[in-house]
Amino acid sequence: MKENGSSAQSDAAPTLESVKALFQQYVAPTYGRFDLAFARGEGCQLWDVGGRRFLDFGGGIAVCSLGHAHPELAEAIAAQARTLIHISNLYYHEPQGRLAEALVKLTAPGKVFFANSGAEANEGLYKLARRFGHEEGRFEILTARNSFHGRTLAGIAATGQEKVKTGFGPAVPGFRHVPFNDLDAVRHAISPATVAVLIEGVQGEGGITPATPEYLLGLRRLCDEHRLLLMMDGVQCGQFRTGRFHSFQRLLEGVPGGDGFLPDAISMAKSLGSGMPIGAFWIRESYQDLLGPGSHATTYGGTPLACAAALKVLEIAHRDRLDQNAREMGTFVKEQLQALVTRHPALLREVRGLGLMIGIEFAPKESIPALAKSDKPVSLQMVDHLHAAGLLTVPAGTQVVRFLPALNVTREEAEEALTILRAEVEKLANG
Ligand SMILES: *Cc1c(COP(=O)(O)O)cnc(C)c1O
């Protein structure tokens with residue numbers, strides 16, 4: 001060991017093996033990682049430690065909205081770092097105020113709290129709901145089956161998937177799950193203790209399932225009737241990914257009554273900082289002062305650095321019409337994938353999603369001979385095959401492969417990704 005604690009090896013260029021060895025010895029083994037170690041990126045491209053190029057359609061799980069190493073974002077971060085990185089929330093600073101203003105203008109009148117991640121933004125929603133119902137003894141939040149809300153204790157209690165809960169009981173009380181897109185199920189589940197409903201506009205980890213317009217409008221009516229907060233987790237589907245800033249704005253486009261729809265609170269994170277860690281939740285005007293001084297806090301939340309980055313992301317998204325690009329590229333990719341599904345009905349079930357949040361569902365493993373022998377789920381096997389072919393994607397559940405590229409992805413990059421996927425599907429078709 002050298003005096004600075006780094007191993008003598010660190011002078012040599014890193015390899016997958018050398019990086020993996022560090023992880024195996026020093027990093028808690030909570031993740032099932034792929035055998036890939038990356039060194040640098042540019043736009044929708046990443047290069048691994050050996051210098052091999054990959055096309056990145058995972059986008060760091062819907063995070064890198066401007067792609068990798070965006071020069072203007074890098075410059076904004078560097079300039080803010082040279083000026084002021086952090087002061088705590090004991091004091092005011094302009095970037096946090098300006099970012100809150102921008103998010104309110106993209107949403108509706110209300111106020112914003114800044115956190116550092118999606119799970120932490122959602123924690124704020126749970127506390128808002130509990131504070132709202134406190135005096136009446138109401139605390140219960142209804143969430144959807146197959147939802148995902150993060151990995152904190154309350155996050156796994158809110159998440160409608162057993163696999164995140166196993167081994168971590170007793171669960172935080174006050175969450176119950178109902179089938180997604182089923183209004184009657186919510187209606188029947190409401191108890192005297194119920195205070196809120198929380199859903200994703202488009203379920204991400206659950207397999208890219210959009211909420212139906214009737215569901216959204218019906219939930220709004222139901223919540224009004226029963227004085228429940230309607231809260232939306234926009235961590236993955238928000239921030240322009242669907243082609244509008246919030247997914248519900250896109251889902252309700254052109255739907256009668258859709259214009260007036262507004263949830264009571266919305267969490268945000270992933271694409272907001274294009275990789276700079278930041279989370280936030282917006283609270284509707286009627287409830288905007290419910291969480292008063294001393295009721296909620298986080299040391300890092302809304303640092304000058306994170307806010308300067310997010311402000312630059314929003315500025316570039318606006319200037320470069322990335323909402324429009326997400327919409328156009330999303331439509332193109334989805335149409336092409338749809339054609340692939342039509343051509344291979346025995347292998348592919350369905351394409352779902354909106355904008356640049358797209359999932360392709362594969363048939364059950366038993367019906368795909370080329371994948372049936374492995375223990376791994378179909379989604380993981382396909383992601384592995386795509387890696388070998390130079391394309392990064394993200395699995396969702398056992399059957400779905402997700403495309404979550406940067407919002408500035410080009411037509412050429414989309415075509416390249418489709419060409420790679422088509423070739424892999426053809427290989428499956430040929431056994
Ligand atoms: C990723 C995700 C979260 C959790 O965000 P973290 O930043 O990982 O804590 C919560 N909700 C949804 C819908 C997500 O996709």
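Indexing begins at 1, ligand by ligand and atom by atom, following the structure's order. Position 1 is the first residue of the sequence; numbering continues from there.
The pair Arg53-Glu416 meets the salt-bridge criterion, since a charged nitrogen lies less than 4.0 angstrom from a carboxylate oxygen. Taking a cutoff of 4.0 Å between a charged side-chain nitrogen and a carboxylate oxygen, Asp182 and Arg187 do not qualify as a salt bridge.
The distance criterion of under 3.5 Å between nitrogen or oxygen atoms is not met by Glu200 with respect to ligand 1.
When only non-hydrogen protein atoms are considered, atom 9 (O) of ligand 1 lies nearest to Ala119 N, 2.7 Å. Annotation: atom 7 (O) of ligand 1 to nearest protein heavy atom, Gly118 N, 2.8 Å. Atom 11 (N) of ligand 1 has its closest protein heavy atom at Asp233 OD2, 2.7 Å.
Each of the following atoms of ligand 1 lies closer than 4.0 Å to a heavy atom of Gly150: 4 (C), 10 (C). Near Ser117, with a cut-off below 4.0 Å to any heavy atom, the atoms of ligand 1 are 7 (O), 9 (O).
With no hydrogens or angles considered, no side-chain donor-acceptor pair links Gln239 and Ser65 at under 3.5 Å.
Atom CG of Asp259 is surrounded by 12 or fewer heavy atoms from other residues, nucleotides or ligands within 6.0 Å.
At a heavy-atom cutoff of 4.0 Å, ligand 1 is contacted by the side chain of Asn122 but not by its backbone. Contact annotation: for Ala269 versus ligand 1, there are no heavy atoms closer than 4.0 Å. Under 4.0 angstrom from ligand 1, the non-hydrogen atoms of Lys270 all belong to its side chain. Only the backbone of His149 comes within contact range of ligand 1, with a heavy atom under 4.0 Å; no side-chain atom does.
Atom-to-atom distance recorded for Asn122:CG and Tyr126:OH is 4.0 Å, nearest 0.5 angstrom. Taken from CG in Leu229 to CZ in Arg138, the straight-line distance is 8.0 Å, to the nearest 0.5 Å.
Relative to the ring axis of Phe23, Arg33 does not place its NZ or CZ within 45° and under 6.0 Å from the centre.
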